[in-house]
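The structure under discussion appears below in the form of structure tokens.
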Amino acid sequence: MGKDETPAENTITHCMLALKNKQKLCFRSMPHPTFYALHAGTLKSTLSLGTAHGIIDFHYAGELIALHTLAPMPQTVVYEAIGDCAVCVIELNPSQLDKQALNSATASPAQPALLWQQMGAAISQYQQQYVWRSHLPALPRFIRFLLQTHTRQQAQIRLGMTAPSANTSISYWIDLPMTRSDIANHLGLTLETVCRLLADLRQKKIIEIHARQLHIVQPSAFEKLSEQREVVSNKK
């Protein structure tokens, strides 16, 4: 793994980590500000608390990861590659944090505001996910996960971080590289519930499933389901 250094006066260094499918990165804390951006591919992040293990989130190209390392007493989080991935590691001198231009995805010059914008977006996503798991029944919880995934993947395409496939360049196509079991773990549902929800939506012709892609055929009906409040099943 090589490290490319910018001129000394910038006090910024960066390197690119290449990950193969199922390879893992384990992050805790860093002695000085270090930022990580997913340059290509998809990652899943897992947090362990005692004997309990949970998938926190899925991460897509152009997004910051491992923001917990900036906390005073962070938990240890493991990131696992779903397919081949590349992670950009950016280290900078704290005194230069408000002076240096930083593009979190490519380590090329850009406005520092982009960094704070992405940090704010990540915090907002985690807050939404907390509400889903705490207050919503299975169906709207699942629908909101898919809608958020779609929004994040469309942002990738707009930023030029990923080349759209023939389908994902069209609205309401979603790539799902993760397993259904991983989705269930992330949402606090059972695998059986996730499979049942997908089958019900497909039977009602609201969605179509093509390998690891999901097509929302009836967007209005699909989005309305995210507002459903009544409990749709006694089981998670």
Side-chain angles (χ1 to χ4, degrees), residues 1-4 13-30 34-49 52-71 74-91 102-108 115 118-119 121-123 125-126 129 145-146 148-165 167-169 173-189 191 194 209-214:
M1 176 185 71
K3 178 173 289 189
D4 300 322
T13 61
H14 69 272
C15 65
M16 195 73 71
L17 301 176
L19 300 177
K20 295 296 185 182
N21 185 41
K22 296 189 177 180
Q23 277 193 302
K24 298 178 181 180
L25 291 173
C26 182
F27 294 108
R28 190 166 174 79
S29 60
M30 295 294 160
T34 303
F35 297 94
Y36 302 87
L38 184 55
H39 184 75
T42 304
L43 293 171
K44 67 177 178 182
S45 53
T46 303
L47 174 65
S48 298
L49 298 174
H53 307 276
I55 295 175
I56 304 172
D57 202 1
F58 302 99
H59 310 270
Y60 308 98
E63 295 184 346
L64 291 175
I65 64 170
L67 291 175
H68 68 284
T69 62
L70 302 176
Q75 300 286 343
T76 299
V77 177
V78 176
Y79 291 79
E80 181 177 332
I82 302 176
D84 292 345
C85 298
V87 176
C88 185
V89 185
I90 306 137
E91 302 175 3
L102 175 66
N103 182 310
S104 63
T106 63
S108 62
L115 176 63
Q118 292 202 14
M119 290 174 69
I123 292 170
Q125 289 164 12
Y126 292 141
Q129 292 166 12
F145 162 75
L146 292 174
Q148 188 188 75
T149 300
H150 174 260
T151 298
R152 292 165 70 178
Q153 291 180 353
Q154 289 298 305
Q156 286 180 266
I157 296 172
R158 288 195 300 273
L159 290 171
M161 291 307 307
T162 184
S165 65
N167 288 333
T168 55
S169 59
W173 281 84
I174 305 172
D175 285 326
L176 294 175
M178 67 290 289
T179 66
R180 294 181 183 182
S181 178
D182 281 348
I183 294 173
N185 182 296
H186 172 56
L187 295 177
L189 302 172
L191 175 59
V194 169
I209 299 174
H210 304 269
R212 290 192 176 272
Q213 286 189 318
L214 183 147

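Please read all numbers here as calculations on a predicted model, not as lab measurements.
Taking the side chain as every heavy atom from C-beta outward, Leu19 and Leu43 approach each other to under 4.5 Å.
By the side chain to side chain contact (heavy atoms under 4.5 Å, CB included) test, Ala18 is found to be paired with no residue, residues two or more places apart in sequence or in another chain being considered. Ser181 is linked by a side chain to side chain contact (heavy atoms under 4.5 Å, CB included) to Thr179, Leu191, counting only residues two or more places apart in sequence or in another chain. Every side chain to side chain contact (heavy atoms under 4.5 Å, CB included) that Ile209 has, sequence neighbours left out, goes to Arg180, Leu198, Arg202, Ile207. A search for side chain to side chain contact (heavy atoms under 4.5 Å, CB included) contacts involving Lys22 returns Glu80, not counting sequence neighbours. Applying the side-chain hydrogen bond (donor to acceptor under 3.5 Å, both in side chains) criterion to Asp57, with sequence neighbours excluded, gives Gln129, Arg152. Ser45 meets the side-chain hydrogen bond (donor to acceptor under 3.5 Å, both in side chains) test with His59; sequence neighbours excluded.
Between Ile82 and Pro177, the closest heavy-atom pair is CG2-O, 3.4 Å. Taking all atoms of both residues into account, the shortest heavy-atom contact from Glu63 to Phe58 is OE1-O, 4.3 Å.
Not a single donor-acceptor pair under 3.5 Å links the side chain of Tyr36 to the backbone N or O of Val87. Side-chain N or O atoms of Arg212 include one that pairs as donor or acceptor with a backbone N or O of Met178 at under 3.5 Å. For the pair Gln213 (side chain) and His210 (backbone), a donor-acceptor distance under 3.5 Å is absent.
Rounded to the nearest 0.5 Å, atoms CG (Leu17) and CD (Gln23) are 10.0 Å apart. For the atom pair Cys85 SG and His39 NE2, the distance stands at 11.5 Å (nearest 0.5 Å). With values rounded to the nearest 0.5 angstrom, Asn185 atom CG is found 10.0 Å from His53 atom NE2. Rounding to the nearest 0.5 Å places CG of Leu47 at 11.5 Å from CD1 of Ile55. The line from CD of Gln154 to CD1 of Ile174 is 9.0 Å long, rounded to the nearest 0.5 Å. Asn21 contributes atom CG, which lies 7.0 Å from atom CG of Asp84 (distance to the nearest 0.5 angstrom).
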Query raised in the report: Do Ile65 and Val77 pass the side-chain contact (heavy atoms from CB on, under 4.5 Å) test, and can you show the C-alpha distance, the side-chain angles, and the key distance before you say yes or no?
Result: CA-CA 10 Å; Ile65 64 170; Val77 177; over 6 Å; no
Report task. Mind running side-chain contact (heavy atoms from CB on, under 4.5 Å) on Asp175 and Tyr60 for me, showing each step along the way? Result -> CA-CA 11 Å; Asp175 285 326; Tyr60 308 98; over 6 Å; no
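The salt bridge (charged side-chain N to carboxylate O under 4.0 Å, His left out) pairs that include a residue from residues 35-47 are Lys44-Asp182, where partners are two or more places apart or lie in different chains.
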